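A note on names: the letters A, B, ... follow the listed sequences, proteins ahead of strands, and every chain is numbered from 1. Because the structure is a prediction, the values reported are computed rather than measured.
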Amino acid sequence: MADTPRNILTQGIFSENAVYRQVLGICSALAVTNLLANTLFMCVGVIFTTVMSNVTVSLLRNHIPKRVRMITQVLIIASYVMMVDIVIKATSPDIHRFIGPYVGLIITNCIIMGRAEAFASQNRPWPSFWDGLAAGLGYSMVLIAIALVREPLGFGTVLGMDLPGKDIWWYQWTIMVMPPGAFFMLGIMTWIARARLVKE
Amino acid sequence: MEPNIDSGFLSATLLIFLSAAFTNNILLARFLGMCSVLGVSKKVDTSMGLGVAVIFVTTATSGINYIVYNYLLIPLELEYLRLITFIVIIASFVQLVEMIVERVSLVLYNALGIFLPLITVNCAILGVSLFMIGQPYSFLEALSFGAGSGFGWFLAIMLIGGIREKINENALPKGLAGPGITLIIIGIMALAFVGFSGMISI
């Protein structure tokens, strides 16, 4: 398949989706999805980091000695994550208090390392940019889908706003916002996605 | 009749260990180290190898990171460098341990060595350090938090490994085998661990 932006995007988002296909980077997928607002912040941070670190790794790919490749990539990723962390802390301290440690953990998010190592270290910057974007968007799609189930079921809200007629029909399903709910939702999503979308 | 005051120091350290291992289990309540769990937990032996390596590395790195953060980064007002500092410390510590283990004991190297590189990218290690600096711990309490978190992770991956070994041959619906069913098992286990919550509050 040719490396056109379009192909890279569809591959990264659907058929080779990092979360349900390659099962990477799911720590944060589980932790931040109990509120949609947290999820959106996390997604923006991850997209920014994958894109920027992919481009940087790709630009430097001929200058990094093979032996120190991994640690260099980690340092590149860590610098971008630091930027994200500082920006979120400055703009929304409330959200940072909850997702702060998980933002730091974007460094060890295997999606980003994986894309830098598997794609960007062997390709030119422009395709790497699209590859990073596709990986980030694929990740965001799954996270937002999970958050859109967990927040309404657990709190009866979407983005902190009450669902219409919440007082009449809604009953708090606490388990959805607790850790087990996250595991069940991601398990079910992986199941559906693998049974329907992925041709083994 | 006030054991908390008499042996306050010891019991606080012990309580931190227990709460890190059970009520706030790093895998089941904080979701960290999932990638390695899904990848490695197919068998009990390999789960145990990785689990032991994680206990050792979380304890040691949370101690080192505690010292570096409180006595180096805070006095110099460089707290915003904590992410990059922690990850470099963890990566170099793991590398160092790998080299030492290879020299000292080949048996230990064969048992643990292959797991050590995996640990650098295991988010549980970095996560323990990040959660640790969020709490007003003393040095010993930080060590105990690191050890407790590592032990909780070890416990969880051993249990998951055992269950996965049992269901290995069972027929499953299309698409559920592998990560799908493992996530659901972990979910049920997390439900059981929710039962511990409220037993210890610190």
Is it the backbone or the side chain of [X] that comes under 4.5 Å from a heavy atom of chain A, or both, or neither?
X        : answer
B:Tyr80  : both
B:Val88  : side chain
B:Arg82  : side chain
B:Ile87  : side chain
B:Ile188 : both

Please classify the contact between [X] and chain B as side chain, backbone, both or neither, with a heavy-atom cut-off of under 4.5 Å.
X        : answer
A:Met178 : side chain
A:Leu186 : both
A:Ile107 : side chain

Is the backbone of A:Val55 close enough, under 3.5 Å, to the side chain of A:Ser128 for a donor and an acceptor to pair up by distance? no

Spacing of CD belonging to B:Gln135 relative to CZ belonging to B:Phe145, to within rounding of 0.5 Å: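 B:Gln135 atom CD to B:Phe145 atom CZ measures 6.5 Å (nearest 0.5 Å).
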
So, taking the atom named CD1 in A:Ile99 and the one named CD1 in A:Ile88, what distance separates them when rounded to the nearest 0.5 Å?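 Going from the CD1 atom of A:Ile99 to the CD1 atom of A:Ile88 covers 4.5 Å.
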
Whether the A:Tyr80 and A:Thr56 side chains hold a donor-acceptor pair (N or O, under 3.5 Å, no angle test) is what I'd like checked.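 Checked: A:Tyr80/A:Thr56 side chains pair up, N/O donor to acceptor below 3.5 Å.
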
Using a 4.5 angstrom heavy-atom cutoff, name the option from A:Pro180, A:Gly187, A:Gly181 with the most pairs to chain B.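 Highest number of pairs under 4.5 Å: A:Pro180.
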
Under a 4.5 Å cutoff for heavy-atom pairs, which residue among A:Asp85, A:Ile188, A:Ile86 has the most contacts with chain B? A:Asp85

Between [X] and [Y], which heavy-atom pair has the shortest distance, and what is it?
X        : Y        : value
B:Ser62  : B:Gly146 : OG-CA, 3.5 Å
A:Ile106 : A:Gly45  : CD1-C, 4.2 Å
B:Leu28  : A:Pro179 : O-CB, 3.2 Å

